[in-house]
Structures are given as C-alpha cells and as structure tokens.
There are 2 protein chains.
Amino acid sequence: MQKCRSPKDNLLVPSTKFRVCPIHITIDILGKKWTLLVLRDIAILNNNRFNQIRRSLPGLTPRVLTLRLKELEEAGLIRAIVIRESPRVVEWALTEKGNDIMPILMSILAFGAKWYADEIFEDHRPRTLEEIYPSYHEAKDRISS
Amino acid sequence: MQKCRSPKDNLLVPSTKFRVCPIHITIDILGKKWTLLVLRDIAILNNNRFNQIRRSLPGLTPRVLTLRLKELEEAGLIRAIVIRESPRVVEWALTEKGNDIMPILMSILAFGAKWYADEIFEDHRPRTLEEIYPSYHEAKDRISS
DNA sequence: CCGCATCCAAAATGATACTG
DNA sequence: CAGTATCATTTTGGATGCGG
C-alpha cells in the first residue's frame, strides 16, 4: 500500500502520505493466531501466568504460547516479571506500548457485543461498550477532556 | 472465558456477565491471516475488485483470497455486487455489519501511527488518528453529539 | 484480463510426552 | 510452574492452467 487514495473521492484520504501502511505494520505484530487473545488475557482478564493463560485458552498449546509470549516481549508489548527462579515463576505484564492495544481490544469487544449478542448475553440484547464498561469510559473522558 | 473478573480489584469487570467472550467470538471471524487486510482494502482503500486486492497485497494468493472473501460474505461483512455476468465481474462492498469494523481498523491504524512512525512517515513523527483523518473524526463527532 | 480451480511444497499450528 | 522436544496435522504459499 503506497497510497491510501481512492479513485472515487468519497473515501478516506490521509493527510500525510504513508511509506508503509500502519494497519499492515500493526497486523504483522498482532495478526498471528492467538496473539490478541493472549493480550486479552494479560490486559483484561489479568491472567498473567503461563498456565493461567493456557487454562483460559483451550487449544493453545505450550509451544505456541511460548512463541507468542516471546514475540510480544520482542515487540515490546509485554515484559516478564520474574517472581522466582528455579522453579521459575514469571508474571507477564503490559508495557506502556502494550497498554496502547487496549483501544484495539475494546473496539473488537464492542463489535462482538453488538453483532453477536445472541451468543454472548443471556438476554440476547446487544450492548455498547459504555454499557459494558462504564468505568473504562469515564477514564477515557477524564483523559481526553 | 467464563468470567471477566480478576482476583485483583483494579481491573475491568463487565457490568453484565458474558456467556462467551466477545473478543474471542469476533476474532474467530476476523482473526485469520489476511482477513483484516482484505477488509482494509475494501473499507479504506476502495480496492473492491478481486485483482485490485491481489495487487495491493503481495503474497496473498488467489486461492486464499477466494477463501477469505467467501468467509467474509458468509459472516455478513461484505456482499458481492455483480457488475456483469459472463465474464463475471463483481465488486465487493461492506454491509452495514461490515461498516462496524471501521473502528477496529482505525484503532489498529492509530496504534501503528503512534509506535511505528519511523517506518510509516517520512519525517518519522508519530501522529494521532485526528491528525491523519480529520474528516473521519468530524464525522464521528457529528454522530456522537 | 478476471475469477477462480488444481496440484504440490512450505510454513504454521496442534498433540503429546517430558524436563529443570 | 514454566516451559522443550518430537512428531502429526492444518493452513497457507507458489506455480500453473482454464473457461468466459
């Protein structure tokens, strides 16, 4: 993606030209299988231990979880807090950069809560992010105003 | 993910219990390789023809593109507008549901524009979404207020 | 040229067992 | 507990062809 221009003029054109697409570059980091779900565990569910994440994500094998954690650490999104050596115990935490994936997780959550309410909520009623996490939105308002 | 509660109380707890995780269910749809980039092409770049998308995404083969387009159509995110039969020409467009992935794409873009400015912008300066797409934000303000 | 389909190779992921 | 090692399976990529 060299340019974000469209032949028709009714579309989004960025004010500055991209050398590479920001979406593409981000998806290279976050787009692999399990990556966003691992981040969900650490960022939202507070599952920050190896086997906690495994239990919360059936199908995710230790091999792949190790790969994903290494990649995320390498990318600077998470860091390992060593609680104890031998037998090693680590706790995974978001970095400042990792914290900035929260809006991504929240927009994904909002999409699900709107379009898959039938599976998600007992009463099958779609919900907005504001309804689900009032506190999260108050925090955002405090920051942006 | 049965519960979105954490042992510590400093974390996000949804106001309503989830039967399944909204993030998980959404990622089941959007999380496969190339899917979000195909949506980026249709939603933002206005590349809505088969070979347009192919040209814009080197490495994506016709086989996988066909698969992804079928999956997205099946999921109700895109629909085919038949321009001409025999030889068949179709244009892919977002449905109403598909339009709701825009916030996801935009949050991904915002993350990239903040943390990968070095590769993205000639001047290496991070940018906010508001700076990149002023018109998109004006539209959002009009809607929410 | 456009929208695929087919065949095979390579890469990513899964299952299971095992170790410090 | 937090991973490795090994091997099987699934998913994706590359090349090519084909009817319209």
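In the text below, chain A, chain B and the rest are named by the order of the sequence lines, each starting its count at 1.
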Chemist: Measure CZ/Arg84(B) against C1'/dG3(C) and give the value in whole Å, please.
Modeler: 12 Å
Chemist: With a 4.5 Å heavy-atom cut-off, do Leu12(A) and Met102(B) have their side chains touching?
Modeler: yes
Chemist: I need the CD1-C1' distance between Ile42(A) and dA2(D), as an integer number of Å.
Modeler: 14 Å
Chemist: Under 4.0 Å: is that the gap between some side-chain N or O of Trp92(B) and OP1 or OP2 of dC2(C)?
Modeler: no
Chemist: Within this structure, what is the CD1-to-C1' distance between Ile53(B) and dC4(C), rounded to whole angstrom?
Modeler: 14 Å
Chemist: With sequence neighbours left out, what residues match Arg54(B) under side-chain contact (heavy atoms from CB on, under 4.5 Å)?
Modeler: Phe50(B), Asn51(B), Pro62(B), Leu65(B)
Chemist: Can you tell me how far OG1 of Thr66(A) sits from CZ of Arg63(A), rounded to the nearest 0.5 angstrom?
Modeler: 9.0 Å
Chemist: Given axes from five pairs at either end, by how many degrees does the helix from dC1(C)-dG20(D) to dG20(C)-dC1(D) bend, rounded to 10°?
Modeler: 40°
Chemist: Would you mind building the protein contact string for nucleotides 5-20 of chain C? One character per nucleotide, 5' to 3', B for base within reach (heavy atoms under 4.0 Å), S for sugar-phosphate only, - for untouched.
Modeler: BBB-----BBB----B
Chemist: Find the distance Leu69(B):CG to dC4(C):C1' and express it as a whole number of Å.
Modeler: 11 Å
Chemist: Given atom CG of Leu57(B) and atom C1' of dG14(D), what is their separation to the nearest angstrom?
Modeler: 17 Å
Chemist: Under a single-linkage rule joining Ile, Leu, Val, Met, Phe, Trp and Tyr whose side-chain heavy atoms are separated by less than 4.5 Å, which residues share a cluster with Ile83(A)?
Modeler: Val89(A)
Chemist: Are Glu73(B) and Lys70(B) ion-paired here, with the side-chain N under 4.0 Å from a carboxylate O?
Modeler: no
Chemist: Measure CZ/Arg49(A) against P/dA2(D) and give the value in whole Å, please.
Modeler: 4 Å
Chemist: Using whole Å, report how far CG of Asn47(A) lies from C1' of dC1(D).
Modeler: 15 Å
Chemist: With clusters defined by side-chain heavy atoms of hydrophobic residues (ILVMFWY) lying less than 4.5 Å apart, directly or transitively, does Tyr136(A) cluster with Phe18(B)?
Modeler: yes
Chemist: Choose from dC1(D), dG3(D), dG3(C) the nucleotide whose nearest atom is closest to any side-chain atom of Asn51(B).
Modeler: dG3(C)
Chemist: Give, for atom CG of Leu36(A) and atom NE2 of His24(B), the distance between the pair rounded to the nearest 0.5 Å.
Modeler: 11.5 Å
Chemist: Considering residues at least two apart in sequence or located in another chain, which fulfil the side-chain contact (heavy atoms from CB on, under 4.5 Å) criterion with Asp100(A)?
Modeler: Phe111(B), Lys114(B), Trp115(B)
Chemist: Taking side-chain contact (heavy atoms from CB on, under 4.5 Å) as the test, write out the residues that go with Ile29(A), two or more places apart.
Modeler: Ala75(A), Leu77(A), Tyr116(B)
Chemist: Check the distance between dA2(D)'s C1' and Ile83(A)'s CD1 and give it to me in whole angstrom.
Modeler: 13 Å
